[in-house]
Amino acid sequence: MGRELRVRFAPSPTGYLHVGGARTALFNWLWARREGGVFVLRIEDTDVTRSERRFVEGILKALSWLGLDWDELYYQSGRLDVYRAYAERLLREGKAYRCFCTPDEIAQRLKGLRGVEYDGRCRDLSPDQVEKYLAEGRKPAVRFIVPEEKKHTAYLDFLRGEIEFKRLTTGDFVIMKSDGTPAYNFACVVDDYEMGITHVLRAEDHISNTPKQIWLYEALGWEPPEFGHLSMILGPDKRKLSKRHGATSVEELRDHGFLPQAVVNYLALLGWSHPEGKEILSLEELVEAFSLERVTLSPQIFDFERLRWFNRKHLARLPSGELLQAAEPFLKWLGEEALADREKLTKALGLVVPSVSTLSELVGHPDLIALFRRPTLSNEVLNELSQGKKLEVLEKIVARLPSRLTRDDLRPLVRKVAAELGLKPRDVFHPLRLALTGRDKGPELAAVCEILGTEEVLARLSQALATTKSER
RNA sequence: GUCCCCGUCGUCUAGCGGUCUAGGAUCCCGGUCUUUCAAGCCGGAGGCGGGGGUUCGAAUCCCCCCGGGGACACCA
């Protein structure tokens, strides 16, 4: 049993955190938390041209938003000396060599074909030749020597079992780029070793990198960690999920009004299932139930509809205080005055939120407009109100309105008025709703009235009455 | 082209040789409740990619085919 579990999530800050990465992070995090292990976050920012500070911040923020915290944080850009030292060692031991070929030259020689390995041209350069090139100021890359017999290899994947490669077409690959920064496979190995990573849990697209990394471990005399590969998350077209599939980054989901709880819950169930088939789960419950045994290996399609369902469920179970806090960014359009009335806002949300799937649907929501702004009755509505006994209905309601209208008062009031006029309750509710909100649908009217308050109800009814009459 | 992974309703999945005429969830459709819409509740439609084996018995094990995906950079 021995060592404690140490896992890591190693994103490169060349873009926002997308859902695939988020799921990998989540699974690693859940596993670490479940086993009382350590979750390491490592920013792989060795590609200076593509890495950006804002992406680093975005990724950290997105992880925090999801509720995933890390125990240790490293930046590869701050460890360049470490990689150089190990590269020097491999050079010294004859396990790597300096390569002066430029990418252009190689592309030329190999005709830019895919799957064609580097021809090893610089492998046997004489020391003199190397010195000469260096003296000329040429900047070499460092390539790792891949012995022919190693190209048939295998490793034991802790999720998939033995994975065997019959004949890899990996030539001597670059471990240090000519600009002095390490290439991915090298930095990754050095760091996983130095950071004491015991298990590498990542997505399937890294399976083909695993042999290279294992060779590196062998060359450096280190025991490799265990490797396990998760499935891929695909778009609806079954292609690797990318920007063109719409909102696929965590920050976009947040901006679209998804709750972190919902995103986490959805992602957890994408490639993993609860032993008892439970579906709505909190982060704590996920930690409690998580295990590698229930991980699914077939690729999953990212299903927005399903995410929306999870969001509805989590929206429904969110305490009103937290709901208001989460909804606030989507309520700015209501104006300062409305925003200041927390009590009314909370009640209004309780009424309106059950009808939305995402918080962004609150923006310009007609039910909210009806609650916070006095309606302008359309000609259609005015015409409707002038038909039949509708004006009488409104007048009677106004006449019988108690000085303080509560939620429980409306129904008896409506029944009474309906009875007096020989109408069905619905024939009273309908014009009342129209006059009050300008719409023929919306939340329970009694609740709407209570939120509006007696004064406002009276004002709206009077106004509706006046306008309808003047139009007639 | 080479190598690797995967294959249960449209989607997410349960299933780890018999309890499966394959269960749940979502989506879709219908009904119900309600003053309306939504939610809720009830019901319906919908699947083991194909072919060979192994076995008394295969969704479950093996092989082939087919299909889908991924990787083949001085990107990570």
Side-chain angles (χ1 to χ4, degrees), chain A residues 10-15 44-47 49-51 76 99 101-103 106-107 112-118 139-143 151 157 160 163-171 173-185 187-188 203-211 229 231-232 234 236 238-240 266 269-280 293-294 296-310 312 316 352-357 366-367 410-411 414 418 424-434 437 439-446:
Chain A
S12 75
T14 53
E44 308 223 327
D45 53 356
T46 54
D47 184 349
T49 56
R50 295 204 309 149
S51 296
Q76 289 190 327
C99 172
C101 302
T102 66
I106 294 171
L113 289 175
R114 285 229 151 222
V116 178
E117 46 190 287
Y118 172 66
K139 296 270 181 272
V142 177
R143 284 183 187 273
K151 293 182 182 176
D157 191 292
R160 297 168 189 254
I163 292 181
E164 185 186 9
F165 300 86
K166 297 213 186 323
R167 51 173 182 287
L168 289 163
T169 53
T170 325
F173 58 91
V174 171
I175 56 174
M176 290 296 284
K177 295 178 264 181
S178 53
D179 66 359
T181 62
Y184 165 72
N185 285 119
C188 184
E204 190 186 331
D205 50 352
H206 282 289
I207 289 181
S208 56
N209 283 320
T210 309
H229 296 270
S231 60
M232 219 71 192
L234 276 22
K238 297 194 172 183
R239 296 267 151 196
K240 191 173 172 177
Y266 170 72
L269 259 27
L270 242 205
W272 177 82
S273 63
H274 184 96
E276 287 147 42
K278 285 184 73 177
E279 310 217 76
I280 303 304
E293 285 74 62
R294 301 193 65 82
T296 306
L297 265 12
S298 50
Q300 291 87 16
I301 291 172
F302 187 77
D303 183 2
F304 236 86
E305 277 309 317
R306 194 168 157 79
L307 211 208
R308 286 163 64 82
W309 176 75
F310 275 104
R312 260 177 271 146
V352 178
V353 166
S355 71
V356 304
S357 295
D367 291 344
L410 191 70
R411 197 174 193 82
V414 165
K424 290 180 195 159
R426 68 191 316 138
D427 296 322
V428 175
F429 271 112
H430 186 64
L432 194 53
R433 181 182 291 283
L434 280 179
T437 68
R439 287 161 42 80
D440 61 1
K441 53 187 167 193
E444 185 195 350
L445 206 50

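Lettering follows sequence order; numbering is per chain, from 1. When reading the values below, keep in mind they use all heavy atoms of this one structure, side chains included, and skip hydrogens, waters and symmetry mates.
Residues A/Tyr266 and A/Phe302 bring their aromatic ring centres within 6.0 Å.
Residue-level contact check: A/Arg308 touches neither bases nor backbone, having no heavy atom under 4.0 Å from any strand. At a threshold of 4.0 angstrom between heavy atoms, the contacts of A/Gly277 with the nucleic acid are absent. Across all strands, A/Pro443 comes closer than 4.0 Å to base atoms (heavy-atom distances). Using a 4.0 Å heavy-atom cutoff across all strands shown, A/Arg426 reaches sugar-phosphate atoms only and no base atom. Here A/Ile163 lies in heavy-atom contact (under 4.0 Å) with sugar-phosphate atoms only. In this structure, A/Ser178 reaches the bases: a heavy-atom distance under 4.0 Å links it to at least one base atom across the strands shown. At the heavy-atom level, A/Asp427 lies nowhere under 4.0 Å from the strands shown. A/Glu444 comes within 4.0 angstrom of a base, heavy atoms only. No engagement by A/Arg439 is indicated, since no non-hydrogen atom pair under 4.0 Å with the nucleic acid exists. No contact: A/His229 has no heavy atom under 4.0 Å from any strand. Nucleic acid contact for A/Cys101: base, since at least one base atom lies under 4.0 Å from a heavy atom of the residue. Residue A/Lys424 is out of contact with every strand shown, counting any heavy-atom pair closer than 4.0 Å. Nucleic acid contact class of A/Pro354 (heavy atoms, under 4.0 Å, all strands): sugar-phosphate only. Within 4.0 Å of A/Glu204, counting heavy atoms only, lies at least one base atom of the nucleic acid.
Of the listed nucleotides (B/rC74, B/rG70, B/rU36), B/rG70 has the atom at the smallest distance from the side chain of A/Lys240. Listed nucleotides B/rC74, B/rA38, B/rU2 differ in distance to A/Ala141; the shortest reach to its side chain belongs to B/rC74. Picking from B/rA76, B/rG15, B/rG70 the nucleotide with the shortest atom distance to the side chain of A/Arg294 gives B/rG15. Candidate nucleotides B/rU13, B/rA76, B/rC3 were compared by shortest atom distance to the side chain of A/Asn185, and B/rA76 ranks first. Distance from the side chain of A/Pro299 is smallest to B/rC6 among B/rA76, B/rC6, B/rG10. In this structure, of B/rC4, B/rA14, B/rA76, it is B/rC4 that holds the atom nearest to the side chain of A/Phe165. Taking every side-chain heavy atom of A/Ile207 into account, B/rC4 is the closest of B/rC4, B/rC6, B/rA76. Nearest nucleotide to the A/Lys441 side chain, out of B/rU36, B/rC6, B/rU35: B/rU36. Considering only the side chain of A/Leu297, B/rC6 comes nearest among B/rG70, B/rC6, B/rC75. In this structure, of B/rC3, B/rA14, B/rC12, it is B/rC3 that holds the atom nearest to the side chain of A/Arg167.
Centre separation under 5.5 Å together with a plane angle under 30° does not hold for the ring of A/Trp309 and the six-membered base ring of B/rU26, so they are not marked as stacked.
The distance between atom CE of A/Met176 and atom C1' of B/rC75, rounded to the nearest whole Å, is 16 Å. In this structure, A/Asp440 atom CG and B/rU35 atom P are separated by 16 Å, rounded to whole Å. Rounded to whole Å, atom P of B/rG68 lies 17 Å from atom CE of A/Met232. Look at CG on A/Leu270: it is 10 Å from C1' on B/rU11, rounded to the nearest Å. Taking atom CG of residue A/Leu445 and atom C1' of nucleotide B/rC37, one finds them 13 Å apart after rounding to whole Å. Rounded to an integer number of Å, the gap from CD1 of A/Ile301 to P of B/rG69 is 10 Å. Counting to the nearest Å, the P atom of B/rC72 and the NE2 atom of A/His206 are 10 Å from each other. With rounding to whole Å, A/Phe173 atom CZ is found 16 Å from B/rC3 atom C1'.
Distances shown here put every side-chain N or O of A/Lys139 at or beyond 4.0 Å from the OP1 or OP2 atom of B/rC74. For A/Thr46, a side-chain nitrogen or oxygen approaches OP1 or OP2 of B/rA76 to under 4.0 Å. A close approach under 4.0 Å does not occur between any side-chain nitrogen or oxygen of A/Arg143 and OP1 or OP2 of B/rA73. A/Gln300 has a side-chain polar atom (N or O) that falls below the 4.0 Å cut-off from OP1 or OP2 of B/rU13. Between A/Arg433 and B/rU35, a side-chain N or O to OP1/OP2 separation shorter than 4.0 Å is absent. Between A/Arg239 and B/rG69 there is a side-chain N or O to OP1 or OP2 distance below 4.0 Å. For A/Lys238 and B/rG10, the shortest distance from a side-chain N or O to OP1 or OP2 is not below 4.0 Å. OP1 or OP2 of B/rC75 lies within a sub-4.0 Å distance of a side-chain N or O belonging to A/Lys177.
Searching all strands for a Watson-Crick or G-U wobble partner of B/rG7 with both distances below 3.5 Å returns B/rC66. Using Watson-Crick or G-U wobble geometry with both donor-acceptor distances under 3.5 Å, B/rG1 finds its partner in B/rC72. With a cut-off of 3.5 Å on both pairing distances, the Watson-Crick or G-U wobble partner of B/rG44 is B/rC28. Nucleotide B/rC56 forms a Watson-Crick or G-U wobble pair with B/rG18, both donor-acceptor distances falling under 3.5 Å.
Counting heavy atoms from C-beta on, the side chains of A/Ile175 and A/Asn185 never come closer than 4.5 Å. Counting heavy atoms from C-beta outward, A/Ile163 and A/Thr210 have side chains that stay 4.5 Å or more apart. Residues A/Phe173 and A/Asn209 are not in side-chain contact: their nearest non-hydrogen atoms beyond the backbone lie 4.5 Å or more apart. A/Pro211 places a side-chain heavy atom less than 4.5 Å from the side chain of A/Leu168.
Using a 30° and 60° split on the angle between ring planes, A/His206 and A/Tyr184 fall in the tilted class, from 30° to 60°.
Nucleotides B/rG43 and B/rC33 are separated by 15 Å at their C1' atoms, to the nearest Å. Straight-line distance between the C1' atoms of B/rA59 and B/rC3: roughly 29 Å, to the nearest whole Å. Comparing the P positions of B/rA14 and B/rG24 gives an interatomic distance of 15 Å, to the nearest angstrom. Taking atom P in both B/rU19 and B/rU13, one finds a spacing of 25 Å when rounded to whole Å. With C1' as the reference atom, B/rA22 and B/rG31 are 27 Å apart, rounded to whole Å. Between B/rG10 and B/rC16, the two C1' atoms lie 26 Å apart (nearest whole Å).
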Given the rule in the salt bridge (charged side-chain N to carboxylate O under 4.0 Å, His left out) test, do A/Arg306 and A/Asp303 qualify, once you have shown the distances and angles that lead to the verdict?
CA-CA 5 Å; A/Arg306 194 168 157 79; A/Asp303 183 2; 6.0 Å; no
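Judged by distance alone, with hydrogens and angles left aside, the side-chain atoms of A/Asp205 form no donor-acceptor pair with the main-chain N or O of A/Met232 at under 3.5 Å.
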